Peer 1: 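Let me begin by handing over the structure; questions about it come next.
In what follows, residues are counted from 1 in the order of the sequence shown. Keep in mind that what you see is a predicted model, and the values were worked out from it rather than measured.
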Amino acid sequence: MANLKKSVSLDELKKFFEEINSRPKIYSHWQIILAVGIACGGFCCLFGGNFFEIICTVISTMAGKFAQIKLLKYKVNEFLAIDLAAFVATTVAYFSHPTSVMPMVACSLFLIPGVPIVNAVIDMLNKFFLKALTEFFRAFLIILSMTAGIAFSVEIFFQIFNTNFRDFILLETTLDTNIFILAIAAAICSIGFAIPLNMPKKFLYIVGILGASTIFSRNFFNLSVGLSPEYSTFFAAFFVGLFSIIIGEKLNLVSSILLVPPLLPMIPGVLTYRFLFACMEWQALKPEEFVMVLPYGIDILQIIFSIVLGANLPRLIANKFFEKRYAEKLKKFI
């Protein structure tokens, strides 16, 4: 290790990472916008939406993502861009399908900070506590900004058109669709969210298969075996974490680039911003309705903990087996 430190200076490392960061993106902005729109359409399918609601979700999401990209291009603050993007997506969703709140629920999920949340827990498990706290705080600010944009749109248009916003907070997103269709929708979601992460095209099908397997196994454990959503999520995340390590070793890839996109469809984004929105609007809710919403907060923490623990447990186990191999590779490199 000492030889490695002597042979590579900080300036050389900085130049190396700047060169990587300056490389052109694989996908254009319009490809990313379309991919994110289709991914949120997959979310709408996961929540039980019909074909027309899925189309409205895709259009609304594309409008929101387009607004976010344009705002960031003009150097607008990241959190303000998220706020305005959520407002645009929710507003377009309302006007595209005024009789259903399903597109409004699904259209802003492209803003959910699934990657920072997963990375934060990974950093915490690896004892990088300061970085983990920074990621958690950034994720909280993103969710808060997103919720504020949604709430602003809902407040304006629900009051103008006398729509009951309780339908938005208390909407039941049940899984009445066939679990194979849900698995296909999850594959579409995973691929759609892998594209903004600049995933190489030749690995997209692997991400899709892992995403489909994740949701299929979670629904199987939950609906067929009868496990709770938390345990079902844990086992699904464990399997995708295990397979991502095996596939990563076979293809000489970092397993995390295969791991994160398939986990995103399981992030409880709807519960998160509906819980925060209900807290912001608590005065307008009846006591029994507010009590009904409170368990969302506990469910959010339990599901996120199940995801990150299940996904990272194979990594912690595998590290013991791979440490010797990594040491040999490092020795050869030095």
Peer 1: Group every Ile, Leu, Val, Met, Phe, Trp and Tyr by side-chain heavy-atom contacts under 4.5 Å, then state whether F51 and L34 land in the same group.
Peer 2: no

Peer 1: Go through the steps for F216 and L182 under the test side-chain contact (heavy atoms from CB on, under 4.5 Å), then give the verdict.
Peer 2: CA-CA 7 Å; F216 180 84; L182 294 176; over 6 Å; no

Peer 1: Are any of the side-chain heavy atoms of I142 and E78 separated by less than 4.5 Å?
Peer 2: yes

Peer 1: So if you build clusters from Ile, Leu, Val, Met, Phe, Trp, Tyr with side-chain heavy-atom gaps below 4.5 Å, do V260 and F128 land together?
Peer 2: no

Peer 1: Look at the rings of F239 and F221 and say which category their plane angle falls in: under 30° parallel, 30 to 60° tilted, over 60° perpendicular.
Peer 2: parallel

Peer 1: Can you tell if the side chain of T90 reaches within under 4.5 Å of the side chain of Y94, non-hydrogen atoms only?
Peer 2: no

Peer 1: I need the minimum non-hydrogen distance between T57 and A106, along with the two atoms involved.
Peer 2: CG2-CB, 3.7 Å

Peer 1: Do you know which two heavy atoms are closest between R138 and F79, and how far apart they sit?
Peer 2: O-CE2, 4.1 Å

Peer 1: Within this structure, what is the CD1-CZ distance for the pair I33 and F110, rounded to the nearest 0.5 Å?
Peer 2: 9.5 Å

Peer 1: For the pair L111 and K65, evaluate side-chain contact (heavy atoms from CB on, under 4.5 Å) and give the outcome as yes or no after the intermediate values.
Peer 2: CA-CA 9 Å; L111 297 168; K65 186 62 179 178; over 6 Å; no

Peer 1: A side-chain contact here means heavy atoms from C-beta on lying under 4.5 Å apart; do V240 and L263 qualify?
Peer 2: yes

Peer 1: I'd like to know if L72 and F87 are part of one continuous hydrophobic network [Ile/Leu/Val/Met/Phe/Trp/Tyr, side-chain heavy atoms within less than 4.5 Å].
Peer 2: no

Peer 1: If you measure from CD1 on I69 to NE2 on H29, what distance do you get to the nearest 0.5 Å?
Peer 2: 5.0 Å

Peer 1: Check whether any side-chain heavy atom of I143 sits under 4.5 Å from a side-chain heavy atom of M146, and report yes or no.
Peer 2: no

Peer 1: Heavy atoms only: give me the nearest R218-S232 pair and the separation to one decimal.
Peer 2: O-CB, 3.5 Å

Peer 1: Is there a continuous path of hydrophobic side-chain contacts, each under 4.5 Å between heavy atoms, that joins I112 to L301?
Peer 2: no

Peer 1: For residues F43 and L264, report the shortest heavy-atom separation together with the two atoms involved.
Peer 2: CZ-O, 3.8 Å

Peer 1: Hey, what's the ring geometry for F66 with W30, parallel, tilted or perpendicular (30° and 60° as the breaks)?
Peer 2: parallel

Peer 1: Tell me, please, which residues at least two apart from T91 pass side-chain hydrogen bond (donor to acceptor under 3.5 Å, both in side chains).
Peer 2: S153

Peer 1: Between P314 and F238, which heavy-atom pair has the shortest distance, and what is it?
Peer 2: CG-O, 3.4 Å

Peer 1: Between atom CG of L251 and atom CD1 of I206, what is the distance when rounded to the nearest 0.5 Å?
Peer 2: 5.0 Å

Peer 1: List for me each residue that meets ring pair (Phe, Tyr, Trp, His ring centres under 6.0 Å) alongside F243, sequence neighbours excluded, and say none if there are none.
Peer 2: none

Peer 1: Of I303, I298, I304, which is the lone residue that meets side chain to side chain contact (heavy atoms under 4.5 Å, CB included) with I300?
Peer 2: I304

Peer 1: Taking the side chain as every heavy atom from C-beta outward, state whether F234 and L313 have any atom pair closer than 4.5 Å.
Peer 2: yes

Peer 1: Indicate if I38 and Y27 have the same hydrophobic cluster label, given that clusters are the connected sets of ILVMFWY residues with side-chain heavy-atom separations under 4.5 angstrom.
Peer 2: no

Peer 1: As an exercise, state the distance from CG of L259 to CG of L210, rounded to the nearest 0.5 Å.
Peer 2: 8.5 Å

Peer 1: Looking only at heavy atoms, which two atoms of C45 and I54 are closest? And how far apart?
Peer 2: CB-CD1, 3.8 Å

Peer 1: Would you compute the distance between atom CD1 of I247 and atom CG of L242 and round it to the nearest 0.5 angstrom?
Peer 2: 9.5 Å

Peer 1: Which pairs would a plain distance check flag for residues 185-205, meaning a side-chain donor or acceptor within less than 3.5 Å of a matching protein atom at least two apart in sequence or in another chain?
Peer 2:
from: S190; atom 1: OG; to: A186; atom 2: O; distance (Å): 2.9
from: N198; atom 1: OD1; to: I26; atom 2: N; distance (Å): 3.0

Peer 1: Give a yes or no answer on whether the side chain of S244 reaches the backbone of L258 with a donor-acceptor pair at less than 3.5 Å.
Peer 2: no

Peer 1: Determine whether F140 and L144 make a side-chain contact, defined as any pair of heavy atoms from C-beta on separated by less than 4.5 Å.
Peer 2: yes

Peer 1: Output, in order, the C-alpha distance, side-chain angles, deciding distance and verdict of side-chain contact (heavy atoms from CB on, under 4.5 Å) for S108 and I150.
Peer 2: CA-CA 8 Å; S108 297; I150 296 169; 3.9 Å; yes

Peer 1: For a side-chain contact (heavy atoms from CB on, under 4.5 Å) check, start with the C-alpha distance between I82 and Q68, then their side-chain angles and the critical distance, and finish with the verdict.
Peer 2: CA-CA 6 Å; I82 291 171; Q68 183 189 24; 4.0 Å; yes

Peer 1: Could you measure the distance from the OG atom of S60 to the CD atom of E53? Nearest 0.5 Å is fine.
Peer 2: 11.5 Å

